[in-house]
Amino acid sequence: MSSASATTVLLTGATGYIGSHTWLALLSAGYRVVGVDDFSNSSPVVLERLARLSGQTPVFERADVCDAAAMRQVFATHRPQALVHFAAFKAVGESTQQPLAYYRNNIGGLINICEQMREHGCKRIVFSSSATVYGVPESLPLREDAPLAAVNPYGSTKLIGETILRDLGAADPDWQTASLRYFNPVGAHESGLIGEDPRGTPNNLMPYVAQVAVGRRDRLSVFGDDYPTPDGTGVRDYIHVLDLAEGHVAALRFLLAGRESITVNLGTGRGYSVLELVRAYEAASGRAVPYDVVPRRAGDVAACYADPTLAEQRLGWRARYDLTRMCEDSWRWQSLNPHGFEPT
Ligand code: NAD
Ligand code: WQD
């Protein structure tokens, strides 16, 4: 296995929600990390928080991953041995309204990154894919060999991203790629110093619940209670962002050990309903989360959860944290930073 201390890892989307937690996990594992972000969906304050948490000044370049000249400069300066590529737009609804922006950023960015990697002889990449590539599940839990389908432009960008990496590996076996299919990332670092800070109205359940609990929003809308699930509300595989971050460390180790390319689920294997999550959040926060049941949200599926066996077998990784811990850590972050990274 390569020595972590000798390895420079370039992290794109590094100041984002998952990127910032993974940055810390990689530093703890002994990697040298260079972060890149254009702050299109994150705050520079993250860098100050990372400095406090890690006790070192983050090595950071502000750049757009679609900008070939800027990325060439980053590669020439830092000479990374591996990439973890988070930078992308991620709002499903927005992707249906602005498909070109999503294809340009998510696909254009990935192609540019891969061209720079090839130019600089760096052919190991961990890619942020998503459970959305399974479309409407035919059966559960979802194994990696389940049928794939893109059900919105965002999902298409993840499916195409996986395909690009697979084709690269087929054309040149020196490429070692890991596509990680995240289920529903939630929670925050246990310090409460970094966490998810959505701009505008949160699209995702836990950040919305957190903002209701802290008093920023009045009530949660529960999107449908007539699904064929135990309590009628949607069931998802929520995974602590700290577990997800460790999954990236494990995937990177796997690639640096010279293993083959891999596509794996990162989930817990356990589904929770919307109402179960609401109750867990109320217990963790000691706050009420009032809600109204409203019609289903277009494009939602009844239930979605992972079979996480492959990640355990191949990467030696499994999720450790339960829903209570996810809610407790989310609440610590939300209550310490009611307005996220921005001052009120
Ligand atoms: P995020 O928006 O918090 O982080 C993404 C970061 O990328 C942001 O800091 C943003 O400023 C940056 N970025 C976007 N476009 C860029 C560009 N052109 N150049 C440089 N930086 C750019 O999102 P996240 O939740 O941390 O997600 C990280 C990755 O994981 C994304 O690829 C996302 O699609 C994927 N993913 C997220 C989820 C989820 O629910 N959070 C689930 C599955 C997959
Ligand atoms: C979870 C459950 C909703 C908000 C999305 C993307 C997916 C991936 C993760 C990036 C569902 C219900 C939600 C609310 C609610 N992202 N809900 N009220 O839809 O499983 O996945 O994020 O790759 O691609 O689609 O997550 O958190 O939006 O919803 O009732 O205000 O909560 O109906 O059952 P989802 P979510």
Side-chain angles (χ1 to χ4, degrees), residues 11-22 35-44 46 61-67 70-71 74 84-93 95 101-102 104-106 108-110 112-113 127-135 151-152 154-155 157-158 161 179-186 194-199 201-209 211-212 217 219-225 227 229 233-239 241 244-245 248 266-267 271-275 277-278 291-305:
L11 214 62
T12 74
T15 47
Y17 172 45
I18 305 170
S20 55
H21 291 81
T22 303
V36 170
D37 206 293
D38 66 356
F39 300 126
S40 54
N41 196 39
S42 57
S43 164
V46 172
E61 302 278 0
R62 181 174 187 161
D64 176 349
V65 294
C66 300
D67 181 337
M71 291 312 297
V74 169
V84 182
H85 182 54
F86 291 109
F89 294 155
K90 64 164 179 177
V92 170
S95 81
Y102 273 69
R104 174 191 285 275
N105 200 45
N106 296 8
L110 177 64
N112 187 39
I113 285 291
F127 172 65
S128 297
S129 187
S130 166
T132 192
V133 298
Y134 295 116
V151 287
N152 52 61
Y154 169 74
T157 68
K158 293 301 174 187
S179 289
L180 305 183
R181 294 176 178 162
Y182 316 153
F183 279 68
N184 290 59
V186 296
I194 55 171
E196 187 171 13
D197 181 18
R199 294 188 172 170
T201 307
N203 296 308
N204 296 117
L205 179 63
M206 193 176 287
Y208 203 106
V209 167
Q211 292 193 6
V212 173
R217 296 183 193 275
R219 301 174 76 79
L220 170 72
S221 293
V222 173
F223 298 142
D225 67 353
Y227 285 105
T229 59
T233 65
V235 166
R236 297 291 185 276
D237 186 340
Y238 298 96
I239 173 169
V241 67
L244 208 54
H248 289 75
L266 294 184
Y272 286 97
S273 74
V274 175
L275 296 182
L277 184 144
V278 167
Y291 64 84
D292 303 303
V293 177
V294 302
R296 293 179 179 191
R297 181 172 64 179
D300 273 356
V301 299
C304 176
Y305 49 92

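Each ligand, and each atom within it, is numbered from 1 in the order the structure gives.
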Report yes if some N/O of [X] lies less than 3.5 Å from some N/O of ligand 1; otherwise report no.
{"X": "Val36", "result": "no"}
{"X": "Asn204", "result": "no"}
{"X": "Tyr17", "result": "yes"}
{"X": "Ser129", "result": "no"}
{"X": "Lys90", "result": "yes"}
{"X": "Ser42", "result": "yes"}
{"X": "Val65", "result": "yes"}
{"X": "Ile18", "result": "yes"}

Partner set under ring-ring contact (aromatic ring centres under 6.0 Å, His included) for Tyr102, not counting sequence neighbours:
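Scan of Tyr102 (ring-ring contact (aromatic ring centres under 6.0 Å, His included), adjacent residues dropped) gives Phe89.
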
Results of ring-ring contact (aromatic ring centres under 6.0 Å, His included) for His21 - residues two or more places apart only
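Testing His21 for ring-ring contact (aromatic ring centres under 6.0 Å, His included), a comparison that skips the adjacent residues, returns Tyr17.
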
Hey, could you give me the CG/NZ distance between Asn203 and Lys90, rounded to the nearest 0.5 Å?
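Taking CG in Asn203 and NZ in Lys90, the distance rounds to 8.5 Å.
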
Using 0.5 Å steps for rounding, measure from the OG atom of Ser43 to the CD1 atom of Ile194.
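That separation rounds to 12.0 Å.
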
Ligand 1 versus Lys158: contacting region, heavy-atom distance under 4.0 Å
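Answer for Lys158: side chain.
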
When you look for heavy atoms under 4.0 Å from ligand 1, do you find them on the side chain of Asn41, its backbone, both, or neither?
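Both the backbone and the side chain of Asn41 come within reach of ligand 1.
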
Hey, is Ser221 touching ligand 2 through its side chain, its backbone, both or neither, going by heavy atoms under 4.0 Å?
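Backbone only.
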
Residue portion contacting ligand 2 (non-hydrogen atoms closer than 4.0 Å) for Thr233:
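Under 4.0 Å from ligand 2, Thr233 contributes no heavy atoms.
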
Could you tell me, atom by atom, which parts of ligand 2 come under 4.0 Å of a heavy atom of [X]?
{"X": "Val222", "result": "30 (O)"}
{"X": "Tyr154", "result": "10 (C), 23 (O), 24 (O)"}
{"X": "Asn204", "result": "5 (C), 22 (O), 26 (O), 27 (O), 28 (O), 36 (P)"}

Which ligand 1 atoms are under 4.0 Å away from a heavy-atom of [X]?
{"X": "Ala63", "result": "19 (N), 20 (C)"}
{"X": "Tyr154", "result": "33 (C), 34 (O), 35 (C), 36 (N), 44 (C)"}
{"X": "Pro185", "result": "38 (C), 39 (C), 40 (O), 41 (N), 42 (C)"}
{"X": "Asn105", "result": "14 (C), 15 (N), 16 (C), 17 (C), 18 (N)"}

Give a yes/no verdict on whether any heavy atom in Asp37 is under 4.0 Å from an atom of ligand 1.
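Checking ligand 1 against Asp37, which is what was asked, there is a heavy-atom contact under 4.0 Å.
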
For atom 29 (C) of ligand 1, the protein heavy atom that lies nearest, with its residue and separation:
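Residue, atom and distance for the closest contact: Phe86 O, 3.3 Å.
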
Provide, to 0.1 Å, the distance between atom 3 (C) of ligand 2 and the closest protein heavy atom, together with that atom's residue and name.
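Nearest neighbour among protein heavy atoms for atom 3 (C) of ligand 2, to 0.1 Å: Asp300 OD2, 3.4 Å.
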
Evaluate whether atom CZ of Arg199 has more than 12 neighbouring non-hydrogen atoms of other residues, nucleotides or ligands under 6.0 angstrom away.
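Result for CZ/Arg199: enclosed.
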
Out of Met206, Arg236, Lys90, whose heavy atom is nearest to atom 11 (C) of ligand 2?
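Heavy atom nearest to atom 11 (C) of ligand 2 belongs to Arg236.
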
Just to be sure I'm reading this right: ignoring hydrogens, which of Ile18, Asn152, Val92, Asp237 gets closest to atom 25 (O) of ligand 2? Compare them by their nearest heavy atoms.
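That would be Val92.
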
Is the shortest distance from a heavy atom of Tyr238 to ligand 2 less than 4.0 Å?
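A heavy atom of Tyr238 does come that close to ligand 2.
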
